[in-house]
Amino acid sequence: MMSAVIKTELRRGLRDRALLVLICLFAALATYAAWSGRTITAAHADAANTIVQKSIDQRAERRAEFAEAESSGAEPSRRAILPYAQIDHVAMPHASGAAISVSQIEAFPRIARVTSITNTHGIFDEFSGSTTNPETLAAGPFDLAFLIVFLLPLFVLAGTFDLWTSERERGVARQLLAEPIPSQILVAGKIAARCILLVLPLSIIAAIASASVADTGSALLLFVYVAIYSLFWVGLAGLINMVMARPTGAAITAGAAWLGFVLLLPAALAACLDVVAPNPSRAALANASRLILTETQAKGEEVLEAYLNQHPTATAELQVVSQGARRYYAVQLAADRAVAPAIEAHRKAEDRRRNIADQLRFLSPAVTVQSSLDRLAGFDANRALAFREQAYTHLEAMRAFVTPLLLADQALTASDYDVMPNFVFEEPANDGRHVLNLLALSGLTALFFYGVLASARRLET
Amino acid sequence: MLDPIANAQWRVLLRDGRLKMLALATLLLTGIALAGGSARDARLASERAELTAEDAQIWTAQGSVNPHMAAHFGRYISKPVSPLTFFDPGVTDQLGTVARLEAHIQQPPRHRPSEGGGALSRFGGFSPALALQLLAPLLVILAGFSAFSGDRSRTILRQELASGAPRRSLLLGRYTALWRAILVILTPIFLVTFVVSIQADVQVLSASIAIAAGYLAYLLSWNGITLGVSALCRSARTSLVILLSIWLLSTFLVPRFANDVAARLAPTPTAAAFKAEIRAALEGGPSGHNSSDERLESFKQATLERYGVERIEDLPVSWSGLALQEGERIGTEIGNAQYEKLWRSYAQQQDIRRYFSVVSPLLALKSWSSGLSRSDASAHVDFVRALEDYRFSFVTLLNEDIATNAVGQDPWSYKAPDELLHSIPPFDYTPPAVSDSLRRIWPDGATLALWAALAFGIAVFTARRVKPL
């Protein structure tokens with residue numbers, strides 16, 4: 001019985017030119033969005049790669065300088081032998097699905113400047129400013145995430161807003177309900193046909209567009225998200241159709257639902273977040289850090305003495321490094337230790353805000369999908385924080401490498417360059433976010449469908 | 001004739017429960033946004049005042065210090081909160097709030113509020129301005145989409161025409177009724193804005209009056225469009241679908257697309273590429289740290305000639321101090337050239353967006369509203385330019401101290417007395433006057449006025465041809 005309804009609805013739907021127009025328009029926008037995302041990520045990746053490559057080249061050049069010095073009997077330059085000479089620029093590589101969602105590309109630092117004698121707090125400072133026009137950042141990019149999160153619902157609603165109300169308006173509803181078909185089957189068949197005609201093509205198009213700029217796994221996952229998110233809106237349209245009497249009312253209600261779910265509810269959640277857990281001031285932290293550094297510098301000699309007392313094997317007669325460099329290093333380490341509690345408190349406040357935001361995402365399907373697409377693109381907080389921790393770990397490794405040389409007043413040698421720590425970004429462990437997001441979306445969608453079918457039963461009575 | 005029609009239409013609007021609910025919801029949301037914006041701005045203003053005081057304390061806490069080391073230690077300048085950002089925060093969330101000013105290099109302000117956020121940050125930024133930009137036109141559409149088309153299907157239009165009412169009066173009556181609805185929305189919001197503005201200064205008050213005029217023109221455009229489409233369509237449903245499509249395109253799709261196109265036609269470098277470019281350019285010139293740098297040779301000769309001596313040892317000033325300042329001058333010129341290139345691309349992008357305001361009045365309104373609220377990119381550029389002038393002036397004062405007082409000494413071991421750091425004047429920023437902003441954004445104001453006039457013209461044109469059935 002159901003298949004007969006679906007077949008009839010499919011035949012009707014295939015004659016509807018508007019559906020074809022919607023699908024073609026979506027395909028054109030998806031192509032543009034994928035291309036747009038790819039060009040933005042490519043520009044950022046190129047710039048970061050150039051900077052990182054410069055550090056790698058610098059190591060190679062200095063290694064070559066030693067080889068040349070060995071063959072000619074000359075002394076290598078001072079910049080090559082100083083233990084703290086190496087400046088590493090390390091960057092977080094783009095994930096394979098980066099082009100899918102690029103709005104958060106500048107939300108976290110992706111390049112760090114690691115020198116063993118810099119203070120920990122400052123390693124992300126050099127590239128922390130943005131040069132992108134703030135108007136462009138505020139408007140947001142026209143990427144696949146924008147198309148899916150903001151526009152896809154409109155495509156779905158445009159194809160489903162009069163699912164049942166049009167039958168009512170044409171006066172066919174009563175006749176249909178008089179047929180020996182349960183009204184739930186009738187409504188479910190109509191919905192299933194729209195899903196085949198609209199949700200399936202839109203999901204396939206979005207997946208193909210993402211596959212052109214991302215790996216197959218990401219494209220498949222994106223297909224699942226688009227399908228479930230579309231079904232959510234179909235369910236909502238179904239529910240509206242059960243309640244509203246006329247297509248005009250259904251259109252207004254569907255528009256209001258889109259405005260509410262996609263724009264107003266997330267904006268309200270963001271505003272609530274600002275009230276409940278305001279962003280801790282990074283400028284205040286920077287000032288605290290500077291004050292501590294100034295005070296530690298003022299006690300430079302004292303700090304150096306304490307440092308050397310902790311390392312009694314340190315060479316007293318200096319030929320390679322200067323006492324000034326040792327003092328500078330000791331001051332940075334002491335300042336790092338002194339500012340650690342302030343950094344810890346700041347991070348706790350940031351984590352609290354992030355955790356609340358993470359929970360709030362379940363209240364809006366649009367935010368849930370955006371969060372999933374950010375994760376697919378690798379521009380989520382989890383990955384950025386993993387990079388931050390790994391950059392700090394690299395700094396610690398560089399310090400562990402430099403400290404014995406600095407204490408022993410030893411010059412770097414060619415072999416030191418071979419064993420110097422290298423930075424390799426490791427992807428963070430899977431925290432099951434996709435499973436949670438899919439469950440939340442599916443649950444809400446199932447609830448709407450249940451509502452539609454329950455309302456449909458009342459149509460019969 | 002006009003008043004009875006307008007009054008009748010106004011009564012129809014007042015009787016519509018859905019409209020009343022929507023108007024109340026819009027006012028409530030805007031009110032919440034106003035209260036939230038004011039509270040946020042007050043918190044930010046107090047936080048930044050605190051940061052400024054802290055910076056002054058940290059700066060002088062260096063005590064007796066080498067002036068150039070102090071220049072490298074730098075200062076952190078907090079961006080002041082503009083008095084009207086509570087109404088229209090514009091691009092504030094995307095702007096750095098603190099700038100580090102140090103010797104040799106100009107850096108973009110850092111710590112953008114939008115940094116470090118999650119998926120939710122893509123949806124943030126709800127403000128009174130946004131409510132008026134997005135929700136108020138919807139209200140106008142819902143109040144007016146059936147003004148002609150609905151009355152036609154209900155045969156009211158036929159009765160009105162049969163009673164001898166001229167078509168122009170029918171239109172003006174409906175236009176006036178909708179205009180009253182617009183005033184109901186705008187009046188309380190702008191009264192609050194004016195009251196807050198009066199507490200600031202006359203400049204802010206005049207800016208908020210100009211902003212109100214912009215919103216009025218914008219909503220009158222929607223008034224005209226709505227009545228024009230309603231007069232054109234045979235059914236209320238068709239006019240609603242057309243008007244909602246126009247709203248969606250004009251307020252949502254075109255602005256996003258315009259920004260994307262502008263960013264492609266006048267691209268800006270990424271922060272990493274920009275920084276690398278500046279670093280490379282700076283490496284081509286002397287920093288002044290090495291006073292024996294061969295690239296300072298011509299400056300050295302000119303200096304010797306100016307003082308009428310043959311050796312730098314005979315100079316009455318410290319050559320190292322002069323070399324540092326010359327390096328600073330060259331570095332600043334290089335940095336300024338790069339930044340001016342960046343600002344030019346911002347301005348080009350703004351020009352490109354203006355072309356799109358032909359199809360989306362919202363783009364003109366955004367520029368007008370955020371321009372007068374001093375929360376747009378241009379206001380930020382003006383602030384960054386002032387910062388750079390200050391950076392150069394305080395580094396110059398520090399280098400000049402070395403030049404004057406470190407004669408015959410090692411410039412790096414020379415320490416200036418505590419008073420030097422106290423004598424550096426604080427950063428004092430005066431934002432551009434409203435007249436300056438108006439000179440820059442007048443095309444947007446003109447576009448809004450044209451839109452309002454054109455939309456009215458469309459409504460008059462279509463209403464003249466309106467048929468009773």
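A, B, ... follow the sequence lines: proteins, then strands. Residue 1 opens every chain.
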Inset, instruction - Please look at A:L259 and chain B and tell me whether the side chain, the backbone, both or neither of the residue comes under 4.5 angstrom of a heavy atom of that chain. - result: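 Contact with chain B involves the side chain of A:L259 alone.
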Legend entry - Portion of A:A284 that has a non-hydrogen atom of chain B nearer than 4.5 angstrom: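 The answer is both parts of A:A284.
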Inset, instruction - Go through the atoms of B:L138 and report whether side chain, backbone, both or neither lie under 4.5 Å from a heavy atom of chain A. - result: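 Only the side chain of B:L138 comes within 4.5 Å of chain A.
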Determine whether [X] and [Y] make a side-chain contact, defined as any pair of heavy atoms from C-beta on separated by less than 4.5 Å.
{"X": "B:V91", "Y": "A:L137", "value": "no"}
{"X": "A:L151", "Y": "B:F252", "value": "yes"}
{"X": "B:Y346", "Y": "A:P134", "value": "yes"}
{"X": "A:T131", "Y": "B:Q338", "value": "no"}
{"X": "B:R110", "Y": "A:R282", "value": "no"}
{"X": "A:L264", "Y": "B:F126", "value": "yes"}
{"X": "A:D358", "Y": "B:L120", "value": "no"}

Inset, instruction - Verify, without hydrogens or angle tests, whether B:R122 (side chain) and A:G140 (backbone) share a donor-acceptor contact under 3.5 angstrom. - result: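 Here the side-chain-to-backbone pair does not exist.
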Legend entry - Donor-acceptor pair, side chain of A:E135 and main chain of B:A377, under 3.5 angstrom: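 Side chain of A:E135 to backbone of B:A377: a pair is present.
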Legend entry - Ring geometry between A:W258 and B:W247 (parallel below 30°, tilted from 30 to 60°, perpendicular above 60°):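 Geometry flag for A:W258 against B:W247: perpendicular rings.
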Inset, instruction - Begin from the C-alpha positions of B:R353 and A:N133 and carry the test side chain to side chain contact (heavy atoms under 4.5 Å, CB included) through to its verdict. - result: CA-CA 12 Å; B:R353 274 194 295 274; A:N133 189 338; 3.9 Å; yes
If you count heavy-atom pairs under 4.5 Å between each of [options] and chain B, which one has the most?
{"options": "A:S371, A:A251, A:S103, A:A268", "result": "A:S103"}
{"options": "A:N287, A:V367, A:D380", "result": "A:N287"}
{"options": "A:L385, A:I51, A:D46", "result": "A:I51"}
{"options": "A:T136, A:T368, A:D374, A:V369", "result": "A:T136"}
{"options": "A:A158, A:S281, A:A286, A:P266", "result": "A:P266"}

Inset, instruction - Go through the side-chain N and O atoms of B:Q62 and A:T294 and say whether any donor and acceptor fall under 3.5 Å apart. - result: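 Note: B:Q62 and A:T294 side chains miss the donor-acceptor criterion.
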Legend entry - Between B:A276, B:P108, B:G116, B:G90, the one whose heavy-atom pairs under 4.5 Å with chain A are most numerous: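 Among the listed options, the one with the most contacts to chain A is B:G116.
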Legend entry - chain A interface, residue from B:L134, B:V241, B:L240, B:T92 that has the most non-hydrogen pairs under 4.5 Å: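 Going by pairs under 4.5 Å, I would pick B:L240.
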Inset, instruction - Go through B:E115 and A:F108 one step at a time and tell me if the side chain to side chain contact (heavy atoms under 4.5 Å, CB included) criterion holds. - result: CA-CA 6 Å; B:E115 279 172 23; A:F108 291 91; over 6 Å; no
Inset, instruction - Select all residues of residues 94-102 of chain B having any heavy atom within less than 4.5 Å of some heavy atom of chain A, and report them by number, or 'none'. - result: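 B:Q94, B:L95, B:V98, listed by number.
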Exercise: identify the closest heavy-atom pair between [X] and [Y]:
{"X": "B:G74", "Y": "A:R290", "result": "O-NH2, 2.8 Å"}
{"X": "A:E126", "Y": "B:R279", "result": "OE2-NE, 3.1 Å"}
{"X": "A:F142", "Y": "B:D260", "result": "N-OD1, 3.6 Å"}
{"X": "B:R112", "Y": "A:S130", "result": "NE-CB, 3.6 Å"}
{"X": "A:S36", "Y": "B:R264", "result": "OG-NH2, 2.7 Å"}

Inset, instruction - Start with the C-alpha distance between A:L263 and B:F123, add both sets of side-chain angles, then the distance that settles side chain to side chain contact (heavy atoms under 4.5 Å, CB included), and finish with yes or no. - result: CA-CA 7 Å; A:L263 296 182; B:F123 301 86; 5.9 Å; no
Legend entry - Cationic tip of B:R256 above A:F150 ring, under 6.0 Å, 45° of axis: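 Cation-pi check for B:R256 and A:F150: passes.
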Inset, instruction - Could you go through the side chain to side chain contact (heavy atoms under 4.5 Å, CB included) check for B:S121 and A:Q104 one step at a time? - result: CA-CA 9 Å; B:S121 60; A:Q104 296 293 303; 3.2 Å; yes
Output side-chain donor-acceptor pairs under 3.5 Å for residues 265-274 of chain B, partner residues at least two apart or in another chain, one line each.
unit_1, atom_1, unit_2, atom_2, d
B:T270, OG1, B:A273, N, 3.2

